[in-house]
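Residues: numbered from 1 along the sequence shown.
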Amino acid sequence: MIIKVVQIRDTAIIELSLPPCADVFTFKISSRELEICGKTYVLSEEIGEFKRGLLLLEKTPFFIECDEGNCIAAKAQV
């Protein structure tokens, strides 16, 4: 699985080749671990703190908001 992460200040863009598990869901991210859709992934690099961003699951966009590594994702209506 390829996971791409771009982070600028307190905003992140995360792209995974994983199918969406729901229209709205929670996930956790800490240091080098990403827990999403019932699976845990270990990243090659550490991710810093961020508050908001965009999550792309198989090209489906989700807006995300995070607080101390606990995040909520909601499907973007485009």
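Both I3 and L57 are members of a single hydrophobic cluster when ILVMFWY side chains are connected at heavy-atom separations under 4.5 Å. No path of Ile, Leu, Val, Met, Phe, Trp and Tyr side chains, each step under 4.5 Å between heavy atoms, connects F63 with I47, placing them in separate hydrophobic clusters.
For the pair I64 and L54, the tightest heavy-atom approach, listed with the atom from each and the gap, is CG1-N, 3.7 Å. Of all the heavy atoms in D23 and F62, the pair that sits closest is O-CE2, 3.6 Å. Among all heavy-atom pairs drawn from P61 and L56, the shortest one is CA-CD2, 3.7 Å. Contact detail for P19 and C37: the closest heavy-atom pair is O-SG, 4.4 Å.
Side chain of Q7 to main chain of E49: a donor-acceptor pair is present (N/O by atom type, distance under 3.5 Å, no hydrogens or angles). R32 places a side-chain N or O within donor-acceptor distance of the main-chain N or O of L43, the cut-off being under 3.5 Å.
Atom OG in S30 sits 9.0 Å away from atom CD in E46 (nearest 0.5 Å). To the nearest 0.5 Å, atoms NZ (K28) and CD (E35) are separated by 6.0 Å. Taken from SG in C71 to NZ in K51, the straight-line distance is 11.0 Å, to the nearest 0.5 Å.
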Please walk me through it: do N70 and T26 pass side chain to side chain contact (heavy atoms under 4.5 Å, CB included)? CA-CA 7 Å; N70 296 310; T26 61; over 6 Å; no
Using side chain to side chain contact (heavy atoms under 4.5 Å, CB included), reason through F50 and I14 one step at a time and then give a plain yes or no. CA-CA 11 Å; F50 61 92; I14 304 169; 3.9 Å; yes
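The side-chain contact (heavy atoms from CB on, under 4.5 Å) test with L55 singles out one residue from L18, I13, I36, and that residue is I36.
For E58, the CD atom is densely surrounded, since the number of other residues' heavy atoms within 6.0 Å is greater than 12.
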